[in-house]
Amino acid sequence: MAASHSNDSYHPAVIEAKWRQRWDERRTNATDIEGAGKPFYNLMMFPYPSAEGLHVGNAFAFVGADIYGRFQRLQGLDVFEPMGFDAFGIHSENYAIKVNTHPARLIPANIERFREQLRRLGLMLDWDHEVSTTDPRYYKWTQWIFLQLYQAGLAVKKKAPVNWCPECKTVLANEQVIDGFCERHPGVAVIQKFLEQWFFTITKYTERLLNNLEKLDWSESTRLLQRNWIGRSQGAELDFVVPTGGTITVFTTRPDTVFGATFLVLAPEHPMVEQVTGAERRPDVNAYRRHAADMDIVSRRKGGKEKTGVFTGGYARNPATGENIPIWIADYVLMEYGTGAIMAVPGHDERDFEFATQFGLEIREVVKPVAGPSSLPFVSYDGVLVNSGQFDGLHCREAIEKITAWLAENKLAVPRLQYRLHDWCISRQRYWGPPIPMIYCDACGAVPVPEKDLPVLLPLIEDFRPDDSGVSPLARHQEWYRVPCPQCGKAARRETDVSDTFLDSAWYFLRYPSTSFDDRPFDQKITKKWLPVRSYIGGNEHAVLHLMYARFITMVLHDLKLIDFEEPFTRFRAHGTIVKDGAKMSKSRGNVVIPDEFIADWGADTFRMYLMFLGPYQEGGDFQDSGMAGISRFLDKVWALVRATRGAAPPGAQLPTRVVRKLHQTIRKVTDDMAELHYNTAIAALMEYINVVRGGEQAAIASPPAELLDPLIVLLAPFAPHFAEECWERLGHHESVFDVAWPDYDEALAREDEIALVVQINGKVRARIMVPPGLSQEQAVERALADGAVQKFLDGGRIKKAVYVPDRLVNLVV
RNA sequence: GCCGGGGUGGCGAAAUCGGUAGACGCAGGGGACUUAAAAUCCCCUGGGGGCAACCCCAUGUGGGUUCGAAUCCCGCCCCCGGCACCA
């Protein structure tokens, strides 16, 4: 085929098509799930199949993961590299509404397009194990997982606020609320509404989710994001007794400042508000509570806005000073964090300071800086107590313990850990998701759908759009909605909410190896063999939600004895992001890179390799159209070398030392870099190698022997798989280049026999001398002194000291 | 505001247990080949000075530590990401 081109030059389109077909025919990329001896599960984040098609960010992520998988395969492992589609969810649904087409009709076409694009990228995917979250064969088991959690008491129903657009009469996601208004109705203020929703009590797993992070081989950046998301803070709960009856418990991380607590602030929804409000304050308090309740969740939580609040008329006793202090309500205190009430210490908290200043409340200084003048609010821990009775003079850290212990004696304090992480609300008042498998019966209450009745199919209704009826789309379909109670048989109703897409993706990696079974979500034996995942590569945009939920679901399944590991991903690496010409890619800027165009113009191998060359993989980089040319030239040169070879060197022939040495150095460098995902420098090393083979300033090798080319092609194979296969074949091999062994290097052959030793005088480079490696300091100094330039700069000065870094430099201090 | 990551030639970037700054590539310049062009090949290419051997300056910015700092420490500026009234 390629021979039909007159000059037999490199034609990517021809050889890429040829090898894609070969791989299919020979089942090169299929994994023997049952028989594999050295299983290596190489996972990448399955995409949401958008209508726009695969974007360059997907390509970057997948290619980087694929290269790692191919590298592991060449190391002799049985690599399993599956792919699937995360096609449920609000993105698909909103797009379907926009183009007025049912998502069930839209998605298959999108998936088909993605599959083709993924094929063109030359990924080593095993398509026998494809997964699609919208397939009833898949979401049956998503529902099954819900039931497992329900039965374990980890799925509970509770009221929670949602964003509600009075015009759409539907629930909005936070990102659909723009400055307090509906994205579709810019004049309509979004309000919060309380709905009964299903929650997974992930907070029961907080400590484990946090502590396990220590032992995971994950990108540090990802672990940090998770740690911050969990947001552990250590403090105490303090009791403020209300003389007229009741107690208000506050959470604080600064019990040391309790002597400065001059008022309390409750969240407007706090249950004690009713009780402490005085009759004359009631109209104002009620008005404020109504105002807070009407706000959308996003605006309500927004910081930095002007503080508002009202006095309730009630008082509570400060447990440290014994004084009665006023109780206020304000929306800067959130019901869902801590106890929904705070002790306000305006002298030492910026928010309380702002509030006190605004409403003329007392500000008391109880901590003085260790050094420097006082200036309130002083929020640092680096201070000593004042105006705090017997605790005066104590350092803050010490005072926290002492004061907590002192109040604890009188049962007014208890040490406490508080977390930012909330329970996971999985209810979505939408259409495009797996129905939550619950039935409500007037007699029996909430009844789970029996396992034998799974899946609860999502009906293919045409009016999937949210309308002004005020109920979920599914509730409008009586034939689906009305169902007999599985327990008592009386008329009952289905749950009409669907589950969050993050539940779909929280277990997909468990399904891939087990796609040939429909009677169980994952096979025990196969799961034991292939999991946990050995390498997971993806973006940090999923660092907290997806990765946290996947860890949580895995822990639950472990505790239910369904799997024998509790962390799903042994190793995770976050890749970087790609920008274009220094700016973020966006449609409005018109700088979006469409992979298809570059693949059509340059071939997938060049495109893959350029993506990996444009910057460090874990940091991302700048995509410049002109960059493709360099890689293309590089592959052309390799191609020319392969064409020029006349096979193995004749027996006894001496290979050029310089090239052999560079080859071994290159194998070493590339091997090390691949393991660390340092693809850009690995490619640079391959370029350096061919520059040496081709001669550079020295005489070129007209016809390099196979010994110098075979290893190069294997090193290149993970980056440019089609190209490498073609070269491998042309070099006379019959097996796939991915079924051979990664080359070994010989440390002795890689060693230089002469190195350039830098000679510094007083830290400035003054000469470079060629010396054999391994000199002692005395020998090095002696050689340096023998150099003319060195003598000139020493200018007869006396050497006070010599610093020698073996084989690198010698520094003479005069 | 807080927590991360980053700032190096005209451009993308190398080099961080402190040890030759700018590997590799792009762009640019010069030359070879060609009737010519493209492609390819060879050489040059951080700034300044010098006929030259060479010298001086240079890793956001100001200090510091060190024989020696892109790398470590302190202050400041800018860019990217995350969190954001979390008590």
Side-chain angles (χ1 to χ4, degrees), chain A residues 7 9 220-222 224-225 227-229 231-233 235 250-254 257 265 300-307 330-334 336-345 348-352 354-355 379 418-422 540-541 543-544 574 576-577 579 581-582 584 610 613-616 618-631 633-634 636-637 640 678 680-689 691 694-697 700 756-768 788-789 792 800-814:
Chain A
N7 58 1
S9 56
E220 192 47 45
S221 58
T222 313
L224 197 77
L225 286 166
R227 247 179 241 126
N228 293 345
W229 189 257
R232 181 184 196 265
S233 55
V250 305
F251 173 73
T252 180
T253 53
R254 297 296 304 268
T257 63
V265 187
R300 169 71 192 271
R301 296 242 184 114
K302 200 173 157 198
K305 65 178 193 228
E306 193 167 290
K307 296 271 180 296
D331 67 359
Y332 82 92
V333 175
L334 309 172
E336 58 275 21
Y337 186 79
T339 60
I342 61 158
M343 64 173 199
V345 184
H348 306 284
D349 181 282
E350 280 175 19
R351 297 150 302 179
D352 299 343
E354 196 190 325
F355 193 81
V379 300
Q418 183 66 44
Y419 304 91
R420 212 191 71 98
L421 183 73
H422 288 111
N540 258 344
E541 67 273 17
V544 284
T577 48
V579 298
D581 301 326
K584 200 191 249 179
Y610 175 61
F613 187 63
L614 56 72
Q618 288 168 91
E619 283 160 44
D622 195 317
F623 190 102
Q624 301 183 335
D625 296 0
S626 59
M628 212 72 60
I631 300 290
R633 275 174 217 153
F634 166 73
D636 281 340
K637 288 173 196 169
H678 295 162
N680 57 333
T681 49
I683 293 169
L686 294 172
M687 290 172 167
E688 282 189 53
Y689 174 62
N691 288 345
R694 296 173 76 250
E697 69 280 5
L757 185 72
V758 168
V759 183
Q760 294 185 333
I761 291 165
N762 291 334
K764 280 191 195 279
V765 178
R766 293 304 184 186
R768 293 173 179 85
K792 197 182 103 197
K800 280 197 299 200
K801 182 179 172 185
V803 181
Y804 178 55
V805 182
D807 298 344
R808 305 220 56 162
L809 66 72
V810 58
N811 186 12
L812 306 172
V813 186
V814 295

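Lettering follows sequence order; numbering is per chain, from 1.
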For residues [X] and [Y], report the shortest heavy-atom separation together with the two atoms involved.
X      : Y      : answer
A:S233 : A:F251 : O-CZ, 3.9 Å
A:L812 : A:A802 : CD2-CB, 3.9 Å
A:D807 : A:L757 : C-CD1, 4.0 Å
A:V333 : A:V265 : CG2-CG1, 3.5 Å
A:R254 : A:V379 : NH1-O, 3.1 Å
A:V810 : A:Y804 : CB-CD1, 4.0 Å

(request) Please figure out whether A:Y332 or A:F623 has its closest RNA chain B nucleotide nearer the 5' end. (result) A:F623
(request) Please figure out whether A:L224 or A:D636 has its closest RNA chain B nucleotide nearer the 5' end. (result) A:L224
Quick one: [X] [atom1] to [N] [atom2], roughly how many Å, whole number?
X      : N     : atom1 : atom2 : result
A:L421 : B:A84 : CG    : P     : 12 Å
A:R420 : B:C85 : CZ    : P     : 9 Å
A:R227 : B:G82 : CZ    : C1'   : 15 Å
A:E619 : B:G12 : CD    : C1'   : 13 Å
A:N762 : B:C55 : CG    : P     : 14 Å
A:D349 : B:C2  : CG    : C1'   : 14 Å
A:D331 : B:A87 : CG    : C1'   : 15 Å
A:W229 : B:C2  : CH2   : C1'   : 16 Å

Would you classify [X] as touching base, sugar-phosphate or nothing, given that sugar-phosphate means primed atoms plus P, OP1 and OP2, and contacts are heavy atoms under 4.0 Å?
X      : result
A:S233 : sugar-phosphate
A:L334 : base
A:V544 : nothing

(request) Mind checking side-chain contact (heavy atoms from CB on, under 4.5 Å) for A:N540 and listing every partner two or more places apart, or none if nothing turns up? (result) A:S221, A:T222, A:L225, A:A543, A:F572, A:A574
Give every pair of a protein N or O atom and an N or O atom of nucleotides 18-29 of chain B that lie under 3.5 Å apart, one pair per line with the distance.
from	atom 1	to	atom 2	distance (Å)
B:G19	N2	A:Q760	OE1	3.2
B:G19	N2	A:N811	ND2	3.4
B:U20	OP2	A:R808	NH2	3.3
B:U20	O2	A:R768	NE	2.7
B:U20	O2	A:R768	NH2	3.3
B:A23	O2'	A:E688	OE2	3.0
B:G25	OP1	A:N691	ND2	3.3
B:C26	OP1	A:R633	NH1	2.5
B:C26	O2'	A:S626	OG	3.1
B:A27	OP2	A:R633	NH1	3.4

Say you pick atom [atom1] in [N] and the same atom in [M]; how far apart are they, in whole Å?
N     : M     : atom1 : value
B:G31 : B:U59 : P     : 35 Å
B:C85 : B:G18 : P     : 41 Å
B:A21 : B:C26 : P     : 25 Å
B:A14 : B:A23 : C1'   : 5 Å
B:A13 : B:G6  : P     : 13 Å
B:C78 : B:U61 : P     : 15 Å
B:G75 : B:C2  : P     : 12 Å
B:G46 : B:A53 : P     : 15 Å

(message) Less than 4.0 angstrom between a side-chain N/O of A:K764 and OP1 or OP2 of B:C57, yes or no?
(response) yes
(message) Please confirm whether the shortest side-chain N or O distance from A:R694 to OP1 or OP2 of B:C41 is below 4.0 Å.
(response) yes
(message) Syn or anti for B:G28? Use the chi torsion, O4'-C1'-N9-C4 for purines and O4'-C1'-N1-C2 for pyrimidines, with syn inside 90° of 0.
(response) anti
(message) Let's see if you can work this out: which of B:A13, B:A87, B:C57 has an atom nearest to the side-chain heavy atoms of A:T252?
(response) B:A87
(request) Determine whether any donor atom in the side chain of A:K584 lies under 3.5 Å from an acceptor atom in the base of B:C80, or the reverse, and answer yes or no. (result) no
(request) Return one dot-bracket line describing RNA chain B 5' to 3' (Watson-Crick or G-U wobble pairs, both distances under 3.5 Å; ( ) same strand, [ ] crossing, | another strand, . none). (result) (((((((..(((......[....))).(((((.......))))).((((....))))..(((((..]....))))))))))))....
(message) Tell me if the CD atom of A:E336 is crowded by more than 12 foreign heavy atoms within 6.0 Å.
(response) yes
(request) Return yes if some donor-acceptor pair links the side-chain N/O of A:D349 with the main-chain N/O of A:A344 below 3.5 Å, else return no. (result) no
(request) Compare all side-chain heavy atoms of A:V345 with those of A:T252 and state whether any distance is below 4.5 angstrom. (result) no
(request) Go through the side-chain N and O atoms of A:D625 and A:Y610 and say whether any donor and acceptor fall under 3.5 Å apart. (result) no
